[in-house]
Protein chains: 2
Amino acid sequence: MTPTMNNFLLDEGAYAGEAGHPIPDIVIRRLPIYLRTLTALLEQNVTSINSEELAESIGVTAAQIRRDLSYFGKFGKQGKGYDVRFLTDEIHHILQLDRPWNCALVGYGNLGQAIVHYGGFVPTSFNISAIFDRNETIGQLVNGLIVKEVDDITDTVAELGIKIGIIAVPPSSVQAIADRLIAGGVTAILNYAPIVIKAPAHVMVREVDPIGAMQSMTYYLDDRG
Amino acid sequence: MTPTMNNFLLDEGAYAGEAGHPIPDIVIRRLPIYLRTLTALLEQNVTSINSEELAESIGVTAAQIRRDLSYFGKFGKQGKGYDVRFLTDEIHHILQLDRPWNCALVGYGNLGQAIVHYGGFVPTSFNISAIFDRNETIGQLVNGLIVKEVDDITDTVAELGIKIGIIAVPPSSVQAIADRLIAGGVTAILNYAPIVIKAPAHVMVREVDPIGAMQSMTYYLDDRG
DNA sequence: GGCTGTGAAGCATTTCACAGCG
DNA sequence: CGCTGTGAAATGCTTCACAGCC
């Protein structure tokens, strides 16, 4: 990817898969959305769906869904559409979500606590298997894990073979935390702070940026209000 | 914008400004990032910067910064670069961040609490001026605000003239909450739930989707790990 | 007959490269 | 002389439209 493989707002770059043509990152980022809708359909016992109907529930065009999927193979049947269960499994597989992933959480303040207790992580493939913080919370028992100190990040992450780091610390410490995670072998970072992390090209960073989202929405708001 | 003016992952559409050519939404979404870097530079007492240096700190190309800014006017001086303070103020103005915005928060669980207590909102133009929830928390005093019940959303939002809603409730209630916010006059929604909200075209919706971000990063991870 | 998968066209965004101003 | 602002080129993404399979 481009310069530092950073912020998803900035890097729209593609990634050259092992073989074949490069798959646009924007396509990869849509797959989780497809997955969610498909999962919801499964729960409603919908077993089959065509691209038109799927597009309608997701809010994209049918052509886009077909094109997106075509990067990865042929998952539908002409005249029929897609088998919901099958397509769900295939996307899970493409995204490597058909296996568990251990994650390290750094920062156990309000945000970190919300992340740990957020139910949305549970039905997914992600386990928080190490928590780090400064101050009082160190030593505390959370979800069967003892909160460790920030100095242990590199060693612990390396020992546990953790590849995914979640950063929920104040902006000023973010880069230092990222450096430690990367030193321990982390190659994917979810960053909750409004800071652009500098990372080597093999490390993927995605930002969660609610304030930026709000700041960009006000552009569209009518003045009076 | 396209169909329902929804999810930022889906809608890359542009918005026709009052006059002139349409400004791509992706440009609008980069402005907050520029703003942050500029603010940090100000704090370091950097008073002037050229597009090359600015690009370096942000992680984009210099041409992109110049092009992005050119949609809104001419803010630099040839041979000199940009005055940091001036450019900061201009972008604030473009995004309408030079005035306060009242926001309604719906959902006061772990996530909602993290949002309220998140320091990052404070130095920005956003005030949470109404909080809604179900259950025990109703009536509780938070930051000088009494948590109201969800049934009050439409009326309260209309009374206070609130234009921005923040949704931090479980997925199953999201659409109903959005409908009430919109009925009360909200035209910008920040949605923390992994659900695509259906909203009329004049309502802007942005998603905060950490799980989606993680699920799309695993695509790039090496298998062994 | 209906719907997928996909060339080819159409748009949108980024980057190049340089005229021209401070 | 350096750097902005911007036409024009290049690249990337989405949509059209239809051949061909089920």
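Within every chain, numbering begins at 1; the chains are lettered A, B, ... in the order of the sequence lines, protein sequences first and strands thereafter.
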Ignoring the backbone of [X], work out which of [options] is nearest its side chain.
X       : options                : answer
B:Pro24 : D:dC21, C:dT14, C:dT13 : C:dT13
A:Ala63 : D:dC16, C:dA17, C:dT4  : D:dC16
B:Gln64 : C:dT15, D:dG5, D:dC13  : C:dT15
B:Arg66 : C:dA17, C:dT6, C:dT4   : C:dA17
A:Gln78 : D:dC13, D:dT4, D:dG20  : D:dG20
A:Ser51 : D:dT15, C:dT4, D:dT6   : C:dT4
B:Tyr71 : C:dT15, C:dT14, D:dC22 : C:dT14

Could you tell me whether the side chain of A:Arg67 has a donor or acceptor atom within less than 3.5 Å of a complementary atom in the base of D:dT15?
-> yes

[X] [atom1] to [N] [atom2]: how many Å, rounded?
X       : N      : atom1 : atom2 : value
B:Asp83 : C:dG22 : CG    : P     : 16 Å
A:Ile65 : D:dC13 : CD1   : P     : 18 Å
A:Glu52 : C:dG2  : CD    : P     : 13 Å
A:Asn50 : C:dG5  : CG    : P     : 12 Å
A:Leu69 : D:dT15 : CG    : C1'   : 16 Å
B:Ile49 : D:dG2  : CD1   : P     : 18 Å
A:Lys74 : C:dC3  : NZ    : P     : 19 Å
A:Ile28 : D:dC13 : CD1   : C1'   : 14 Å

For A:Asn191 and A:Ile195, indicate whether the former's side chain and the latter's backbone hold a donor-acceptor pair under 3.5 Å.
->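 Yes; judged by distance alone, with no hydrogens or angles, the pair exists.
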
With DNA chain D as reference, determine whether A:Lys77 or A:Val27 sits nearer its 5' end, using the nearest nucleotide of each.
->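 This one resolves to A:Val27.
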
Under-4.0 Å side-chain N/O to phosphate OP1/OP2 contact, A:Arg30 with D:dT14 = yes

Validation row: A:Phe86, A:Ile91 side chains within 4.5 angstrom (heavy atoms) =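 Heavy-atom side-chain distance check fails, nothing below 4.5 Å.
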
Under the criterion side-chain contact (heavy atoms from CB on, under 4.5 Å), which of A:Glu53, A:Glu90, A:Arg66 is the partner of A:Tyr82?
->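 Answer to the side-chain contact (heavy atoms from CB on, under 4.5 Å) test with A:Tyr82 among A:Glu53, A:Glu90, A:Arg66: A:Arg66.
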
Tell me yes or no: between the side chains of B:Arg85 and B:Thr47, is some donor less than 3.5 Å from an acceptor?
->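 Short answer, no.
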
Determine, for B:Asp209 against A:Arg36, whether the closest basic-nitrogen to carboxylate-oxygen distance falls under 4.0 angstrom.
-> yes

